[in-house]
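One structure is given below, encoded as structure tokens.
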Amino acid sequence: MNEIKAPKGTRDIFSPEIQKWQFLENSIHAYYQKFLYREIRTPIFEHSELFSRGIGSETDVVQKEMYTFSDKAGRSLTLRPENTASVVRAVIENNLFESVTPLRFYYLGPMFRYDKPQKGRYRQFQQFGIEVFADESPQVDAEVIFSAVDFLKNLKIADIKLEINSVGCPQCRPGYLEILRKAARAEQSGLCADCQRKISANPLRIFDCKLPECAETAKRFPLLGNHLCSECRDHFKIVREALSWMNVPFLLNPRLVRGLDYYTKTAFEVTSGQLGAQNALLGGGRYNNLIKELGGPDMAAIGFAAGMERIILHLRHLTLPRPKIMFVAYQDPKWLPNAIQLAQVLRAHGCPVYLDYQGKNLKKQFKKADKVAAAFTMVLAEDEIKSEAVSIKDMASQDQIKISLKDLNSWLKKNY
RNA sequence: GUGAGUGUAGCUCAAUGGUAGAGUAUCGGAUUGUGGAUCCGAACGCUGCGGGUUCAAAUCCCGUCACUCACCCCA
């Protein structure tokens, strides 16, 4: 007798929230096509190896958050926890770098992570994101960041904060990590057990720890910013300059680290003060080595991913225009065929039309019209049929007019 | 994986251990070709699930599941 419910961390979306989703999706398509991004749709599951190699086998996402399963042929497959690795795979597999110009893609769709659900965090969640390939200009970094912030601004999302950092490259990061490890080992006693483990595995993450003692200790650690190679330092400088003349205010956060291993150079994150603990609206950065690591050409890339549920949470007060619904009422069941034909004409004209097939009396039909929030109700009865006309009542003003069917078109033009 | 809070009608919520209720939504009615208001009526519940204490449990205890929030991690 136990009712089957949606699995933990998943949910149903329907009216009225679904209208906001449609609005957001339309906004994404419209906005990013202005930068010549084209949509790309990749499979929802991939070979597990794509993610372990792409995202990094040491990351939390790969180690404990993947929905991995075997198919009937014994292949290990995984529901995508993010989409960048898939897009890179698709670019390589289809040789898109030889046929598509510019190499810019955007995507939107569901991602899956086995996380414990909480505010703004689901096991199946929607992300949209963009990826730019084969352009390592720092101005591109700035444009990508600008577009992310500008997009959110266009949605009237306020109270957002942009943080940026440079996480270095294979030239400078390994050397810095050793310096950081040395510093951390020297002050090991000032770190929590978790952070002590991070020293060898992923010392950058120590900067993420929210425990006051760790944060206090980490303040004394050397920062990557002071150990960047000249190339990374120059790149980051131009990114910051470009952001300034693009009028994008940002916060330099030398401790900003990304959770996925593939990032190089520029990393950024937009957070919101209006969300709960899961306050990241979007995050991204450069990943100049991922394509090569996944077997493609040596090609630079940059992108970001945004959490759509978290954006939707900000659209709470968004009011969308309501469609002008037309209700077709008939006084007697024998006029139902006429009503159906009228509805067809109206729909062909583009009006949203509803009619009740159950043949109840007019009073009932008007009540129904009220419930579907109809703007107009058309009435067909003996009188109208005989004179080849229709009565139209404006539900708000209660004005009712009777017009000839041959004048219907001009009435529609005036009112729709 | 860890912790806290909450589970009662479709929804929002009541009910000193003593017959489970209200508001709202739904359906019907207040007769004839016209809605929103008002009035009358109907239907709606294994009080998340399982055990325990008790003459008696929505209420107390244990377990379990679900939801919510936080840790962790991230978008």
Side-chain angles (χ1 to χ4, degrees), chain A residues 1-11 55 59-66 80-84 107-129 148 152 192-195 197-198 202 205 208-211 256-260 268-272 275-285 303-314 327 329-332 335 356 358 360-385 391-400 402:
Chain A
M1 180 66 172
N2 43 356
E3 190 185 357
I4 298 177
K5 294 194 274 194
K8 194 187 196 62
T10 69
R11 66 200 200 97
I55 298 171
T59 60
D60 276 19
V61 169
V62 169
Q63 290 219 319
K64 43 189 200 193
E65 293 174 7
M66 296 216 299
R80 62 185 187 191
E82 57 103 51
N83 207 26
T84 296
Y107 60 82
L108 60 144
M111 311 294 159
F112 306 83
R113 288 185 201 173
Y114 194 86
D115 245 338
K116 191 140 173 179
Q118 66 188 70
K119 188 179 175 90
R121 190 171 78 183
Y122 300 92
R123 288 183 173 182
Q124 175 176 338
F125 58 102
Q126 302 278 331
Q127 280 190 340
F128 83 88
L152 295 177
C192 67
D194 206 36
C195 283
R197 267 194 306 104
K198 290 179 193 165
N202 196 349
R205 290 293 193 70
D208 276 345
C209 190
K210 278 160 195 150
L211 290 176
L256 176 69
V257 178
R258 309 249 74 251
L260 314 179
F268 62 96
E269 192 169 281
V270 174
T271 55
S272 157
L275 294 168
Q278 307 301 316
N279 62 354
L281 278 174
L282 61 89
F304 72 78
M308 293 171 70
E309 280 81 2
R310 294 177 187 181
I311 293 175
I312 294 286
L313 285 174
H314 281 266
F327 190 95
Y330 50 99
Q331 184 248 332
D332 187 284
W335 309 125
D356 187 18
Q358 296 180 70
K360 305 252 176 75
N361 59 35
L362 275 178
K363 193 188 187 80
K364 288 266 183 280
Q365 294 186 60
F366 266 88
K367 279 198 173 190
K368 190 76 125 190
D370 210 44
K371 260 170 223 151
V372 301
F376 300 101
T377 298
M378 290 202 169
V379 183
L380 289 175
E382 190 89 33
D383 195 28
E384 284 82 1
I385 300 289
S391 294
I392 305 174
K393 180 169 184 177
D394 181 319
M395 296 297 277
S397 69
Q398 305 196 51
D399 297 334
Q400 185 163 323
K402 189 166 139 188

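Quick note on labels: first sequence line is chain A, next is B, and so on, each numbered from 1.
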Report task. Specify the separation, in whole Å, of atom NZ of A:Lys367 and atom C1' of B:G29. Result -> 9 Å
Requested in this report: Find the partner of B:C71: check Watson-Crick (N1-N3 plus N6-O4 or O6-N4) and G-U wobble (N1-O2, O6-N3) distances, both under 3.5 Å, and reply none if neither fits.
Outcome: B:G1
Query raised in the report: Any side-chain donor-acceptor pair under 3.5 Å between A:Ser391 and A:Glu384?
Result: yes
Requested in this report: State whether A:Lys8 places a side-chain N or O below 4.0 Å from either non-bridging phosphate oxygen (OP1 or OP2) of B:C67.
Outcome: yes
Report task. Tell which nucleotide pairs with B:C11, taking only Watson-Crick or G-U wobble pairs whose two distances are both under 3.5 angstrom. Result -> B:G23
Query raised in the report: In whole Å, what is the span from the CG atom of A:Asn279 to the P atom of B:A75?
Result: 12 Å
Query - Given B:C74, B:C27, B:A75, the nucleotide with the shortest approach to the side chain of A:Gln278 - result: B:C74
Query raised in the report: For the side chain of A:Arg121 and the base of B:C69, is some donor closer than 3.5 Å to an acceptor across the two?
Result: no
Query raised in the report: When you measure from the side chain of A:Asn361 to the backbone N and O of A:Lys364, does any donor-acceptor pair fall under 3.5 Å?
Result: yes
Requested in this report: To the nearest Å, give me how far apart CG (A:Asp115) and P (B:C74) are.
Outcome: 10 Å
Query raised in the report: Between A:Lys119 and A:Tyr114, which is nearer to the 5' end of RNA chain B once each is assigned its nearest nucleotide?
Result: A:Tyr114
Requested in this report: For A:Val61 and for A:Glu384, find the nucleotide of RNA chain B with the closest heavy atom, then tell me which residue's nucleotide is more 5'.
Outcome: A:Glu384
